[in-house]
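Scroll down for the structure; my scribbles are underneath it.
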Amino acid sequence: IDLPVMSSVAARKVKDLSRRSVRRLCDRLLRSLGEDRRGEFVAIDMATGRHFVGGTSLDAGTAGLREQPRAQFYIERLGYPVAAMMKCAR
């Protein structure tokens, strides 16, 4: 199958759109689940919209894979701009 090659600018726009969509979805989830769920992780199947919440990213991802073993998930942290941050110790 020949797939069209996306330019780097177009790929960046799609990536940004995906991030914005995921962020909006996470914001809606946090409002519907309640503020007490802030800081928990959510695995989102963007193809179906199903989501799975867990105390850790591993818990959320595992719950999603149990239900939908062939799905691809985005993992985000509810109420935070990023799921994880790494810092190099000097």
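Only a predicted model underlies this, so the values are computations on that prediction, with no experimental measurement involved.
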* Asked: Under 3.5 Å, side chain of S32 to main-chain N/O of L29, donor-acceptor pair present?
  ->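 Pair found, side chain donor or acceptor close to backbone of L29.
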
Grab the two heavy atoms, one from [X] and one from [Y], that are nearest each other, plus how far apart they are.
{"X": "A71", "Y": "L65", "value": "O-CD2, 4.2 Å"}
{"X": "D59", "Y": "G54", "value": "CB-CA, 4.0 Å"}
{"X": "A60", "Y": "F52", "value": "CB-O, 3.5 Å"}

* Partner of V42 under side chain to side chain contact (heavy atoms under 4.5 Å, CB included), chosen from L25, L33, L30, V53 ->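 The passing option is V53.
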
* Audit row: R38, Y80, side-chain contact (heavy atoms from CB on, under 4.5 Å) steps and yes/no -> CA-CA 8 Å; R38 178 180 293 275; Y80 289 83; 4.0 Å; yes

* Are any of the side-chain heavy atoms of E40 and R77 separated by less than 4.5 Å? ->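 When only atoms from C-beta onward are counted, R77 and E40 do not touch, as no gap falls below 4.5 Å.
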
* 4.5 Å side-chain heavy-atom contact, R23 and E76 ->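 Of all side-chain heavy-atom pairs linking E76 with R23, at least one is under 4.5 Å.
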
* To do: Scan side-chain atoms only and decide if D45 and T48 contain a donor-acceptor pair under the 3.5 Å cut-off.
  => yes

* Asked: What distance do T56 atom OG1 and F41 atom CZ have between them, rounded to the nearest 0.5 Å?
  ->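 Result: 7.0 Å between the selected atoms.
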
* Asked: Going from CD1 on I75 to NE2 on H51, what distance comes out if it is rounded to the nearest 0.5 angstrom?
  -> 13.5 Å

